[in-house]
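Inspection log for the structure reproduced underneath, given as structure tokens.
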Amino acid sequence: MASVQEKFTEMTWPSSPEKATLEAKNKFLGFWFFLGGETVLFGSLFATYLALKDKVPDSSHPLAKDLYSMDLTFAATMLLLTSSLTSVYAMYHMKNFNFQRMQAWLLITVLLGAAFLGLEIYEFNHYVHEGHKFTSSAFGSAFYSLVGFHGGHVAFGLLWILSLMVRNAKRGLDLYNAPKFYVASLYWHFIDVVWVFIFTVVYLMGMVG
Amino acid sequence: MENLRPNSANPKADLNYRRKKNAEEMRYQVVSFALMIFLTLIAFAVVHFEGFSHWFVAPFIMLLAVVQVIFQLYYFMHMSHKGHETPQLFLFSGLSVALITVLTFVTITWI
């Protein structure tokens with residue numbers, strides 16, 4: 001078993017640094033267990049949304065098909081999908097022991113994620129002005145719980161990746177932080193997995209009616 | 001770790017081999033990304049066209065989403081790699097509970 005403190009070169013760097021130590025193996029398994037739990041969490045939020053979609057007290061409240069805009073959803077989807085690929089590039093450079101390039105791709109990932117979050121804040125603000133609020137209807141509560149929870153995950157993911165980048169900026173890559181970067185990238189992909197269902201089930205199906 | 005002990009007399013040989021393998025995997029990742037974008041474009045196009053019946057569009061874009069998520073899980077999150085048996089157990093257990101919850105809420109609740 002490789003040591004956590006060991007200084008590596010690209011020659012001695014293990015081919016699977018994310019699973020090279022016992023701690024890394026535990027982190028890997030524990031994180032997938034957490035993702036299983038997250039799946040249940042988002043499953044119940046999707047279920048609630050589907051049951052309460054368009055359930056409003058009277059006709060003065062906007063419905064799904066009056067609210068959602070295809071352009072905004074498409075832009076947000078492209079941003080988040082691309083950020084998933086850029087974090088794959090970051091892990092590719094992590095496996096090649098290229099710390100600078102990994103940091104650069106992580107920064108691009110964070111910027112794309114921040115742009116996505118900006119669009120979401122703009123969208124929510126727009127809906128509130130249209131009369132679609134968290135407390136205005138069952139539909140509103142279910143919508144903001146589901147999409148807001150996802151947005152919260154994006155915000156947390158951004159802070160997580162940024163903290164890893166800043167904290168390890170001078171340390172460089174070793175077997176102490178490689179599993180941390182790997183697990184953060186798994187989290188980022190999971191956020192994208194949830195978004196694929198959100199743009200399909202909430203936005204596209206909402207526009208269809 | 002077996003990869004810390006290169007079995008060739010040339011120490012660079014192992015590194016070059018791993019570099020090549022990583023680059024090859026990265027190519028597959030880019031291909032799966034292109035497919036994911038393609039599936040997304042189809043889903044948006046089908047809804048944008050507005051000519052299709054609701055009964056076709058909803059299941060069709062759901063299918064596209066499921067295929068795209070399989071790419072995401074098996075390629076981007078490496079679930080196709082060896083040593084992912086327990087992650088599969090965790091994820092699919094979570095997924096089955098999630099699906100039963102969704103099925104319940106869309107069929108036997110009324111408000």
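Keep in mind the model is a prediction, meaning the values are calculated, not measured.
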### Query
Mind checking which of residues 58-70 of chain A sit less than 4.5 Å from chain B, heavy atom to heavy atom?
M70(A)
### Query
Quick one: what part of F199(A) sits under 4.5 Å from any heavy atom of chain B, side chain, backbone, both or neither?
side chain
#### Entry: E10(A) and R19(B), any side-chain heavy atoms less than 4.5 Å apart
yes
### Query
Is it the side chain or the backbone of T200(A) that comes within 4.5 Å of chain B heavy atoms, both, or neither?
both
### Message
Is T73(A) in contact with chain B via its backbone, its side chain, both, or neither, using a 4.5 Å heavy-atom distance?
### Response
both
### Task
Would you mind telling me which of F52(B), Y75(B), F44(B) has the largest number of heavy-atom pairs within less than 4.5 Å of chain A?
F44(B)
## Note on the structure
The ring-ring contact (aromatic ring centres under 6.0 Å, His included) partner of F90(B) among F34(A), F31(A), F33(A) is F33(A)
### Query
So Y182(A) and H78(B), would you call those rings parallel, tilted or perpendicular, with 30° and 60° as cut-offs?
parallel
### Message
With a 4.5 angstrom heavy-atom cut-off, is it the side chain or the backbone of H48(B) that approaches chain A, or both, or neither?
### Response
both
### Query
Picking from T104(B), L103(B), I61(B), which has the most non-hydrogen pairs under 4.5 angstrom with chain A?
I61(B)
## Note on the structure
For K19(A) and G83(B), the nearest pair of non-hydrogen atoms, with its separation, is NZ-O, 4.2 Å
### Nearest heavy atoms of P87(B) and F28(A), plus distance in Å
CG-CE2, 3.8 Å
### Task
Please check if atom NZ in K133(A) has more than 12 non-hydrogen atoms from other residues, nucleotides or ligands closer than 6.0 Å.
no
### Query
Which atoms of M91(A) come close to chain B, meaning under 4.5 Å heavy atom to heavy atom: side chain ones, backbone ones, both, or neither?
neither
### Task
Quick one: pull up CE in M36(B) and OG in S84(A) and give me the separation to the nearest 0.5 Å.
5.5 Å
### Query
With a 4.5 angstrom heavy-atom cut-off, which part of E38(A) approaches chain B: side chain, backbone, both or neither?
neither
### Message
Under 4.5 Å from any heavy atom of chain A, what part of Q68(B) do you find: side chain, backbone, both or neither?
### Response
side chain
### Query
What part of Y49(A) gets closer than 4.5 Å to chain B, counting heavy atoms only: side chain, backbone, both or neither?
neither
## Note on the structure
From the list V196(A), L29(A), L35(A), the residue making the most non-hydrogen contacts under 4.5 Å with chain B is V196(A)
### Task
Between chain A and each of T107(B), T40(B), L73(B), I100(B), count heavy-atom pairs under 4.5 Å; write down the option with the most.
T40(B)
### Task
Nearest 0.5 Å please: distance from the CG atom of L85(A) over to the CE atom of M26(B).
5.0 Å
### Message
Under 4.5 Å from any heavy atom of chain B, what part of T48(A) do you find: side chain, backbone, both or neither?
### Response
both
### Message
Using heavy-atom distances under 4.5 Å, tell me whether V47(B) contacts chain A through its side chain, its backbone, both, or neither.
### Response
both
### Query
Are any non-hydrogen side-chain atoms of M62(B) and M205(A) less than 4.5 angstrom apart?
yes
### Task
Assess whether atom OH of Y92(A) is packed by more than 12 heavy atoms of other residues, nucleotides or ligands within 6.0 Å.
yes
### Heavy-atom check, side chain of F197(A) versus side chain of V66(B), under 4.5 Å
yes
### Query
Of all of V106(B), V69(B), L39(B), L64(B), which one pairs up most often with chain A through heavy atoms under 4.5 Å apart?
V69(B)
### Task
List the atom of A51(A), the atom of T109(B), and the distance in Å for their closest heavy-atom pair.
CB-OG1, 3.7 Å
### Task
For L81(A) and F33(B), work out which heavy atoms get closest and say how close.
O-CE1, 3.4 Å
### Full working for side-chain contact (heavy atoms from CB on, under 4.5 Å) between R18(B) and W13(A)
CA-CA 11 Å; R18(B) 274 164 46 200; W13(A) 188 238; 4.3 Å; yes
